Q: 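This is the structure, below, for whatever I ask next.
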Amino acid sequence: MKLAAHLGEKGDVIVLDEPTAGLHLADVQTLLDLLDRLVDAGRSVIVIEHHQAVMAHADWIIDLGPGAGHDGGRIVFEGTPGEFVARRSTLTGEHLARYVTG
């Protein structure tokens, strides 16, 4: 409900932080469909997310690292999900590659 209320507001950029948190796995596709509709309507959507289905569905990925906390904060990859999977240059890229290839 909180997300729905904010989506009705004016603005061209929407930033979501972990929108899959608390969602049932079956609802992730519904969220992805909603995000697609927002992009198709001309909005820019920035999603901070660890869910592999969301990362695989993205147009562009920016991976920060190389680790977490004090070991992170640098851009270690920037590109399409396909490039991310092909390079497998980060831990997140490795996990996404395994997710995508089954």
Side-chain angles (χ1 to χ4, degrees):
M1 293 301 287
K2 187 176 181 181
L3 177 59
H6 289 292
L7 292 178
E9 296 174 357
K10 291 184 180 182
D12 294 329
V13 179
I14 297 169
V15 179
L16 302 172
D17 186 8
E18 300 283 350
T20 62
L23 283 184
H24 187 277
L25 289 176
D27 294 326
V28 173
Q29 186 59 51
T30 302
L31 175 66
L32 292 174
D33 293 342
L34 170 65
L35 297 178
D36 285 343
R37 287 196 310 269
L38 290 168
V39 171
D40 291 345
R43 289 187 164 175
S44 296
V45 180
I46 300 168
V47 180
I48 300 141
E49 185 61 74
H50 292 94
H51 195 287
Q52 293 164 327
V54 176
M55 287 190 285
H57 191 81
D59 293 327
W60 197 257
I61 292 177
I62 300 172
D63 188 18
L64 299 176
H70 295 286
D71 296 327
R74 290 183 294 146
I75 295 175
V76 294
F77 174 84
E78 180 180 356
T80 67
E83 293 168 336
F84 198 36
V85 166
R87 288 188 193 165
R88 297 178 183 224
S89 59
T90 70
L91 184 59
T92 305
E94 283 286 334
H95 285 281
L96 186 60
R98 277 183 255 157
Y99 171 80
V100 170
T101 60

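These numbers were taken from a predicted model, which means no experiment stands behind them. Below, each value reflects all heavy atoms present in this structure, side chains not excepted, and no hydrogens, waters or symmetry copies.
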Q: Do other residues, nucleotides or ligands put more than 12 heavy atoms under 6.0 Å from the CG atom of Asp17?
A: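 Yes - once you tally the heavy atoms of other residues, nucleotides and ligands closer than 6.0 Å, there are more than 12.
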Q: Does either side chain, that of Gln52 or that of His95, offer a donor lying less than 3.5 Å from an acceptor on the other one?
A: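 There is no such pair between these side chains.
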Q: With side chain to side chain contact (heavy atoms under 4.5 Å, CB included) as the test, pick out the partner of Ile61 among Glu78, Met55, Glu83.
A: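 Checked Glu78, Met55, Glu83 against Ile61; only one passes side chain to side chain contact (heavy atoms under 4.5 Å, CB included): Met55.
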Q: Treating Ile, Leu, Val, Met, Phe, Trp and Tyr as nodes and any side-chain heavy-atom pair under 4.5 angstrom as an edge, say whether Val85 and Tyr99 lie in one connected cluster.
A: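 Linked, Val85 and Tyr99 end up in one cluster.
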Q: CG/Leu16 to CG/Leu34 distance, rounded to the nearest 0.5 angstrom?
A: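 Separation between the atoms: 8.5 Å.
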Q: Is the backbone of Thr20 close enough, under 3.5 Å, to the side chain of Glu49 for a donor and an acceptor to pair up by distance?
A: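 Side chain of Glu49 to backbone of Thr20, a donor-acceptor pair under 3.5 Å: yes, one is there.
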Q: Among the clusters formed by ILVMFWY side chains lying less than 4.5 Å apart, do Val54 and Leu23 turn up in the same one?
A: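 In one cluster with Val54: Leu23, yes.
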Q: Side chains of Val13 and Val45, heavy atoms from C-beta outward: is any pair under 4.5 Å?
A: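 Not in contact.
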Q: Can you hop from Val39 to Leu31 via hydrophobic side chains spaced under 4.5 Å?
A: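 Yes, one cluster joins them.
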Q: Taking transitive links into account, so neighbours of neighbours count too, which hydrophobic residues share a cluster with Trp60 at under 4.5 Å side-chain distance?
A: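 Traced through the cluster, Trp60 reaches Ile62, Leu64, Ile75.
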Q: With rounding to the nearest 0.5 angstrom, report the CZ to OG1 distance, Arg87 to Thr80.
A: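 Separation between the atoms: 8.0 Å.
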Q: If you round to the nearest 0.5 Å, how far is CG of Asp12 from OG of Ser44?
A: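 Going from the OG atom of Ser44 to the CG atom of Asp12 covers 7.0 Å.
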Q: Same cluster for Leu96 and Val28 if Ile/Leu/Val/Met/Phe/Trp/Tyr side chains link at under 4.5 Å?
A: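 Per the 4.5 Å side-chain linkage, Leu96 and Val28 are not co-clustered.
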Q: Would you please name every residue forming a ring-ring contact (aromatic ring centres under 6.0 Å, His included) with Phe77, sequence neighbours left out?
A: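 Checked Phe77 against ring-ring contact (aromatic ring centres under 6.0 Å, His included); matches are Phe84.
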Q: Might you point out which heavy atoms bring Asp71 and Pro66 nearest each other, and give the distance in Å?
A: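 In this case the closest contact between Asp71 and Pro66 is O-CD, 3.0 Å.
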Q: Considering non-hydrogen atoms only, spot the tightest contact between Ala58 and Pro81 and give its length.
A: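 What the structure gives for the nearest pair is O-CG, 3.1 Å.
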Q: His57 and side chain to side chain contact (heavy atoms under 4.5 Å, CB included): which partner among Leu32, Val47, Asp33, Leu35?
A: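 Output: one option passes, namely Leu32.
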Q: So with a 6.0 Å cut-off around CG of Asp59, is the heavy-atom count from everything else above 12?
A: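 No, not enclosed.
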